Every structure is written in structure tokens, then in C-alpha cells.
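Scroll down for the structure; my scribbles are underneath it.
Just so it is clear, the values below take in all heavy atoms, side chains as well, and ignore hydrogens, waters and symmetry mates. This chain uses plain numbering: 1 for the first residue, then up along the sequence. Just so you know, these numbers come straight off a predicted model, no measurement behind them.
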Amino acid sequence: MIDLVASSAALQLLASSPDAWLWVIPGLVIGLVFGAMPGISITMAMAIFLPATLYMDFLPAIIFLTSMYTGAGFGGSVPAILMNIPGTSSAVATTFDGYPMARDGRHNEAMGVALTSSVFGMLLSYSVLFLVISPLADIVLGIGPLEMLVIALWGILLLGSLAGKHMTRGILAGIFGLILGTVGMNTAGYMRGTMGVPWLLDGIPVVPAMMGLLAASQLFNLVNSNFLVEDESKRGINAGKIFYGFRLAFKHPVVILRGSFIGVFIGAIPGVGSSISNLLSYAYTKRGDDNPETFGEGNPKGVVAAESANSSSEGGAMATMLALGIPGGGATAILLAAFAMHNIVGGPSFIANNQEIVYAILFSNFAQGILLLGVGLGFVFVASSVVRVPLRYLVPTVLSVACFGAYAVDGSMAGPITLFVFSVIGWMMARYGYPVAAVVVGLLLGGLVETQLLRSNQVSGGDFTYLFDRPAAMAIIGVIVFSMGFTAWAKQRRKRRSLQSLSD
């Protein structure tokens, strides 16, 4: 499984390339900053810096870009925790408990939990990649549209767990999101719900809509507050509490391990990635917990589950890219473009012929994860100062940044208009007790479900027995049935315990 000769050659290669290491810290800082800016995706940041890598050697160029990728994995959680604005779609689940923790004055603790979970998840994902890159590539090769459809449906089942006490409202909100996710022209050439608006042909812009639903609607609710954290004594930036957050993450080893493995598996599937893995991990943590009602109220386990999953997705996506030459998302597509700029073709032949380079990339990612702990800690200190800024300055500033970010998505007014419309929708939904997060999940998955359903129908010729010819899909369905059964059993167990305690 592990080529010791190639590993040794990789270490020698890294030791003889000091210039490669010079780009790690700048790459991490760029990734953290761009990841923390809502609307400015890491894909966009990597695309901006891609031309600069043409003047570097191949290995320093890849290390620089992967450092940005690593930094952005944690950067997206910073605004998610402090302002309920996910910097990227992979940080959506981080907002569920991270923001309530921040509002309760536990922002230091939440940031420490998020940073540790991110670093651990990333290191674990690269450890898995180091051990099983070849078998993982074979598994990914067996994944077709039917398997991706089943995984997307798995994500939709999460809607019930995002609904809190009112499951009906959660399901209705999720269906609303799914309908919104199918607006525009589908892969079969049909147009739906565009109302004659040209920029809706490609669907509703997800990032501005997500910012409007989760962020702007929350900011409207803050107009009568003076600070994000009302209690002045809790507004401080405290290193001790951040380090307590470090320890707190490791108090939940099952949550962090489960999230990391979910992230590796889901991240390795092209087109799915960290946007779903963080939600899956969060939902399973909530369902399996003895006190699920505490989730959404500031439970650190929610932050651990989300952050360990979205950061470990990076390793999964890198596995697909290195083993098959297939980008798992926008960031790995930029990495493949960097390969092409240096006249190198990714995929199975790259691994077979350049094993020392592959191992050097993996080793450098280990180093990036360890360095992220220090660089991210410094970034957290700076970013946490936002809780000291009065909301009369913060709210208009954040709204302005969100508008600019929405405009930057595709360089048109479609972004800001979408942001405004969905902020009103989000505010109304929150006012009448409908879970906004369920709409976001539906919006993220609507297009994916429809596309994979159409492809599955085309591949199978409409024959439903095709499912029995796909063992991977059957296995995933088995996991879903098992998890649902386990959830029902856990609920019954909690009910019995409650009744027993009342009778005692």
C-alpha cells in the first residue's frame, strides 16, 4: 500500500526544495482571508493567483495552491461563527451552533473548537489518503449517477433533523428550497420558473441566496441590539478560552472521527463534496445524541461535526483528483489547471510515474495542517475583535461587504438583487418559525437531485431493477436504512429513559 522508496524520495525532494516551503504561510493566510470573505470563494481566489504560479517550479506551485485550499477550509467558519454568515457553502452547518455560541459570549471557545476540528479532520483525511489512495480510486470509479442520486437523497433526509420541534415546517421549507434549486434550464433543455428573467437561466445564484437567507435576515434581527455579545464581560478575546476550545473538541472523539470519515468519503465523490458532508455529519451527530434538543442552541458537538467533515473533504477531493484526474470541485479543478500549465496530466498515469511527487504533495499537506494551527490561531485573534464593534457600524458594513461579495460572484446585479430578495424571505421565515437552513439544503441539492435523476433514467432506460445491478447504491441505501433505524431506536430509548425518570 505505501511505497517506502517513493516516500523517502519525497522527503528528500522536499528537503532539497526550501523555496517550496516559503509559499506555505502566504498561501494559508490568503486562504484564510478569502475563505472568511462571504461571496469570495476559494475557487475565485485560487483562480486569481493561478497565473502567478506559472513562474514557479511545479512542486512550489502546487504547495502554494494547496496551502490556500487548506486555509480556506477553516476560514469559512470564522464569519459562520461570528456573524452567522457561512464564508462558503461548506460552513453552513457550522452556523447552526457556532453562531449561538458566539451570541452567548462563547466565541473564543467556538473558534478554538472549529480550528482544532478542522486541523484534525484534515490531517486524518490525508492519513487515509496516504494509506489507501489506490483502493479509494477504484471505489470512486464505481460511482455513477445512481449512486450520486442516492447520496443526494440521503442529504434531503437531513431536512427533518433541521426542523427542530416542528418537522412539518422543516419539510415544507425543504420542499420550497428544492423547488428553488430547480429554477432555470435543466440538462434536458427544459426551463422552469425563470419568469422571463435571463440571469435565472442558470438557476438562482446559490451564494447570494445563501447569504441572504442566513446572514442578512439575521442582521435585520440585530438592529435593536448594541453588540453581537450583549454582556460586556464576555466580549474579550481570551487565549485561555480558545485553548479550552481546543481541548473541548477532543472531548468528543466519536463525533470528530465520524465527521472526518464522512468528509473523506463524500469529498471523494466529484460534484458532491464538502457542501453535503458537513450537513450529513451534523445530522448524524444530532440524531445519535442523547440531547438532540440542545443542537441549534450552541452545542459544541455541532461545530465539531461540521468542521471535521468539511475540512476532511479536502483530502477526499484530492484523492479523486490525484488518482483519477477528476476534480471534486472548483478548487481541485484549479489544481488540475496548474498541472496543465506545467505540462503535467493528472490521473492514474501521474500517480504511477510520479509517486515521489504525489507523496511530497501529501507530506506538504500534513505540514500545512500543523502550521494552520498556529496561523489560524493568530487569525482567530484578529477576527474575534468583531464582537467588540458596535452593531450600528457592523451591520451596515457587513451588509455592504455581502452586497459586494454577491456582486463578485458573476459580476452582475443579479447577485445583490438575489441577496435582497432572499434576505426578506429569510426574515419572514424566521419570524414565522420556519427553518431557514432547510431551504438552504434544498437549494443546494435541488439541481443535483434532478440532474442525477435524469442521468440515472437515461442510463437505466427507465428500468427500476437497474438499482439491483449497482452494489454501491445498494450499500449506500443500506447505510441510510440502518442510520434511520438507529435514530428511531435512539429516540425510543430516550423516551423510555424519560418515562422511567418520571416514574422514579
Side-chain angles (χ1 to χ4, degrees), residues 29-49 71-72 74-92 94-95 98-99 102-103 107 111 197 199-200 204-230 235 237 379-431 436-437 439-440 443:
V29 173
I30 292 170
L32 283 165
V33 171
F34 277 85
M37 294 173 68
I40 310 294
S41 68
I42 187 56
T43 305
M44 193 186 301
M46 290 172 71
I48 291 170
F49 285 92
F74 169 66
S77 68
V78 174
I81 290 171
L82 295 176
M83 292 178 286
N84 204 31
I85 304 173
T88 63
S89 60
S90 60
V92 169
T94 308
T95 64
Y99 183 64
R103 289 284 284 159
H107 50 284
M111 299 291 272
V197 180
W199 50 264
L200 283 177
I204 293 172
V206 173
V207 174
M210 193 173 65
M211 286 195 293
L213 285 167
L214 292 173
S217 61
Q218 285 291 328
L219 293 175
F220 292 156
N221 292 327
L222 292 175
V223 292
N224 292 323
S225 303
N226 294 319
F227 289 89
L228 278 172
V229 178
E230 290 289 356
R235 278 182 218 144
I237 302 167
F379 187 75
V380 163
F381 261 92
V382 176
S384 295
S385 302
V386 74
V387 297
R388 294 174 171 174
V389 180
L391 285 173
R392 63 178 179 277
Y393 302 124
L394 188 64
V395 170
T397 303
V398 171
L399 280 174
S400 301
V401 171
C403 283
F404 281 119
Y407 182 81
V409 171
D410 60 3
S412 74
M413 285 304 294
I417 292 171
T418 305
L419 173 75
F420 173 75
V421 171
F422 278 86
S423 60
V424 174
I425 293 173
W427 175 76
M428 290 182 67
M429 290 186 70
R431 180 179 176 85
V436 175
V439 181
V440 175
L443 190 62

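- The two atoms that bring T95 and A80 nearest to each other are CG2-CB, 3.6 Å, heavy atoms only.
- Taking every heavy atom of both residues into account, A209 and L443 meet most closely at CB-CD2, 3.7 Å.
- With values rounded to the nearest 0.5 angstrom, M429 atom CE is found 7.5 Å from L213 atom CG.
- Separation of atoms SG (C403) and CE (M413) is listed at 8.0 Å; rounding is to 0.5 Å.
- The closest side-chain heavy-atom distance from V29 to F34 is not below 4.5 Å.
- One distance of note links OH of Y407 with CD1 of I417; it measures 11.0 Å at 0.5 Å rounding.
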Output, in order, the C-alpha distance, side-chain angles, deciding distance and verdict of side chain to side chain contact (heavy atoms under 4.5 Å, CB included) for V33 and F379. CA-CA 9 Å; V33 171; F379 187 75; 4.1 Å; yes
Check the pair Y99, T94 against side chain to side chain contact (heavy atoms under 4.5 Å, CB included), reporting the backbone distance first and the verdict last. CA-CA 8 Å; Y99 183 64; T94 308; over 6 Å; no
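- Separation of atoms CD1 (I81) and CE (M111) is listed at 5.5 Å; rounding is to 0.5 Å.
- Across all their heavy atoms, P208 and G415 have their closest contact at CB-O, 3.4 Å.
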